[in-house]
Amino acid sequence: MKHARIIFEGRERTAIVQDDQLLLNCGRMIAMNEAEAWLPPLMPNKMIGLALNYADHADELGLERPAEPVLFIKPNSSLVGHKAPVYYPDGATYMHYENELAVVIGKEGRNIKANDAFHIVSGYTIANDVTVRDFVNNMYRPPVRAKGHDTFGPLGPYFVDAEDIPDVNNLELRTYVNGELRQQGNTRNLIYGIAELIEFISSFMTLEKNDVIWTGTPKGISHVHPGDTVRLEIDYLGSLENKILDGRSRNTPSGGAVHEQQS
């Protein structure tokens with residue numbers, strides 16, 4: 001089942017997808033385009049990101065493949081939903097998308113073995129780990145400035161139950177910029193698979209309900225500019241689309257970035 005959070009008639013609603021329509025928690029059925037805004041499909045407890053988790057992505061950056069998973073924390077304040085704007089920030093000369101499978105934890109666990117890992121997974125969604133490459137200056141320090149800006153965490157459009165994904169280890173990822181295919185990969189090429197990641201992370205950190213693990217991106221990153229529309233697709237999970245807007249302070253008379261109403 002696909003779950004969504006939207007704004008409809010000025011109120012937050014939860015919904016499930018049924019026959020390409022949205023069945024609201026109040027029992028009303030509406031068309032997809034009647035949603036006034038799309039919110040992230042869940043509110044994460046904490047978000048744990050993976051860097052360099054596809055060999056081809058490490059190669060395109062000219063970096064060695066990591067000897068163990070390289071983790072960082074993605075701030076919840078970066079979250080936006082489907083169709084929300086992403087703002088190009090001050091100081092950026094190379095900003096790019098990162099199409100990632102996001103794994104949602106369904107119940108608390110610690111010291112979980114790989115064989116038991118999927119027992120605590122409740123489902124999956126699409127994540128765009130928007131990054132300013134200029135701000136990644138030292139791989140031994142967390143890339144917080146590069147990945148932690150407000151709006152740098154599009155998530156959605158749906159949360160999909162784990163049982164509805166036939167094989168999470170064989171999902172195609174595709175990224176389009178203005179309709180042009182820029183990135184393509186498959187989760188079978190993860191250096192550290194989902195079960196391995198859960199075992200590694202839970203060996204020192206309690207995983208809790210609604211924690212989200214961002215599993216990394218494959219080869220194919222490219223610079224995006226204000227005015228571009230970025231669409232991420234992952235098999236069975238739908239399409240996550242966001243437009244890049246110019247958030248640089250020099251574009252506003254007051255010296256501050258103007259954030260448009262999500263629509």
Side-chain angles (χ1 to χ4, degrees), residues 7 35-40 43-44 47-52 57 60-63 70 72-100 102 125-157 173-183 212 214 216-233 239-263:
I7 300 295
E36 293 159 17
W38 292 78
L39 305 173
M43 289 306 298
M47 300 193 295
I48 305 157
L50 266 291
L52 305 178
H57 178 54
E60 78 173 332
L61 295 175
L63 298 171
V70 179
F72 60 92
I73 297 296
K74 185 88 170 180
N76 284 14
S77 54
S78 68
L79 285 172
V80 293
H82 175 55
K83 293 188 178 296
V86 171
Y87 287 93
Y88 194 102
D90 283 317
T93 62
Y94 183 15
M95 173 174 152
H96 60 79
Y97 48 81
E98 292 192 6
N99 189 344
E100 306 198 6
T125 187
I126 304 172
N128 186 355
D129 185 20
V130 180
T131 302
V132 174
R133 185 56 45 184
D134 314 58
F135 302 153
V136 183
N137 298 318
N138 186 333
M139 293 306 296
Y140 296 97
R141 290 188 294 190
V144 176
R145 187 182 177 204
K147 296 173 177 288
H149 282 258
D150 291 352
T151 76
F152 272 27
L155 197 72
L173 299 84
R174 297 168 294 274
T175 304
Y176 298 84
V177 179
N178 303 326
E180 175 191 359
L181 180 64
R182 296 273 185 94
Q183 182 182 39
V212 181
W214 297 41
T217 200
K219 178 182 179 180
I221 60 171
S222 65
H223 190 190
V224 291
H225 305 81
D228 288 342
T229 297
V230 180
R231 187 175 84 252
L232 281 57
E233 298 177 354
S239 300
L240 173 64
E241 184 173 295
N242 301 88
K243 188 167 184 176
I244 311 300
L245 298 184
D246 199 336
R248 290 171 290 190
S249 56
R250 62 181 174 79
N251 292 312
T252 61
S254 63
V258 174
H259 286 201
E260 295 179 4
Q261 180 84 18
Q262 181 180 335
S263 59

Visitor: So Pro226 and Leu245, do their side chains get closer than 4.5 Å, heavy atoms only?
Guide: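 Leu245 does not reach Pro226 side chain to side chain.
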
Visitor: CD of Glu36 to CD1 of Ile7: how many Å apart, nearest 0.5 Å?
Guide: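 Atom-to-atom, Glu36:CD and Ile7:CD1 are 7.5 Å apart.
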
Visitor: Take Met95 and Phe152 through the test side-chain contact (heavy atoms from CB on, under 4.5 Å) and record every step on the way to the result.
Guide: CA-CA 10 Å; Met95 173 174 152; Phe152 272 27; 4.1 Å; yes

Visitor: Are Ile48 and Ile73 side-chain neighbours, meaning at least one heavy-atom pair lies under 4.5 Å?
Guide: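 Counting from C-beta outward, Ile48 and Ile73 do come under 4.5 Å.
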
Visitor: Nearest 0.5 Å, what's the NE2-CG distance between His96 and Asn128?
Guide: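 That separation rounds to 10.0 Å.
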
Visitor: For Glu100, what residues pass the salt bridge (charged side-chain N to carboxylate O under 4.0 Å, His left out) criterion, not counting sequence neighbours?
Guide: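 Applying salt bridge (charged side-chain N to carboxylate O under 4.0 Å, His left out) to Glu100 gives none.
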
Visitor: Out of the candidates Val177, Ile244, Val224, Asn178, only one should pair with Thr229 under the side chain to side chain contact (heavy atoms under 4.5 Å, CB included) rule; please name it.
Guide: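 Of the listed options, the one satisfying the test is Asn178.
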
Visitor: Taking it one step at a time, do Leu50 and Val70 satisfy side-chain contact (heavy atoms from CB on, under 4.5 Å)?
Guide: CA-CA 6 Å; Leu50 266 291; Val70 179; 5.8 Å; no

Visitor: Can you check whether Glu233 reaches Ser239 side chain to side chain, under 4.5 Å on heavy atoms?
Guide: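 A side-chain contact under 4.5 Å exists here.
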
Visitor: In Å, rounded to the nearest 0.5 Å, how long is the span from CG of Leu39 to NE2 of His82?
Guide: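 Answer for the CG-NE2 pair, Leu39 versus His82, is 12.0 Å.
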
Visitor: What do the steps show when you test Leu155 against Trp214 for side-chain contact (heavy atoms from CB on, under 4.5 Å), and what is the final call?
Guide: CA-CA 10 Å; Leu155 197 72; Trp214 297 41; 4.0 Å; yes

Visitor: So which atom in Pro154 and which in Val86 form the shortest heavy-atom distance, rounded to 0.1 Å?
Guide: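 So the two residues come closest at CG-CG2, 3.7 Å.
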
Visitor: Under the rule for side-chain hydrogen bond (donor to acceptor under 3.5 Å, both in side chains), what residues qualify as partners of Lys147, not counting sequence neighbours?
Guide: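 For Lys147, the residues satisfying side-chain hydrogen bond (donor to acceptor under 3.5 Å, both in side chains) (neighbours in sequence not counted) are Glu98, Asp129, Thr131.
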
Visitor: Can you tell me how far the NE2 atom of His225 sits from the OH atom of Tyr94, to the nearest 0.5 Å?
Guide: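 If I round to the nearest 0.5 Å, the distance is 10.0 Å.
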
Visitor: Minimum heavy-atom separation for Ala92 to Val132, with atom names?
Guide: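 Closest approach of Ala92 to Val132, heavy atoms only: CB-CG1, 3.8 Å.
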
Visitor: Leu173 and Gln183: side-chain contact (heavy atoms from CB on, under 4.5 Å), yes or no, with the steps?
Guide: CA-CA 8 Å; Leu173 299 84; Gln183 182 182 39; over 6 Å; no

Visitor: Got a second to check how far Lys74's NZ is from Leu79's CG, nearest 0.5 Å?
Guide: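 Answer rounded to 0.5 Å: 8.5 Å.
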
Visitor: So which heavy atom on Met47 is nearest to which on Pro75, and how close?
Guide: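 Heavy-atom minimum between the residues: CE-O, 3.3 Å.
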
Visitor: To the nearest 0.5 Å, how far apart are OG1 in Thr217 and CG in Asn99?
Guide: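 The distance works out to 5.5 Å.
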
Visitor: How far apart are the closest heavy atoms of Pro44 and Val212, and which atoms are they?
Guide: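 Answer, listing the atom of Pro44 first, then Val212: CB-CG2, 3.8 Å.
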
Visitor: Is the backbone of Gly81 close enough, under 3.5 Å, to the side chain of Asn242 for a donor and an acceptor to pair up by distance?
Guide: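 Yes, the answer is positive, given that a donor and an acceptor are paired below the 3.5 Å cut-off.
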
Visitor: Kindly give the heavy-atom pair with the smallest separation between Ser222 and Tyr97, and that separation in Å.
Guide: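 Heavy atoms of Ser222 and Tyr97 come nearest at OG-OH, 2.7 Å.
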
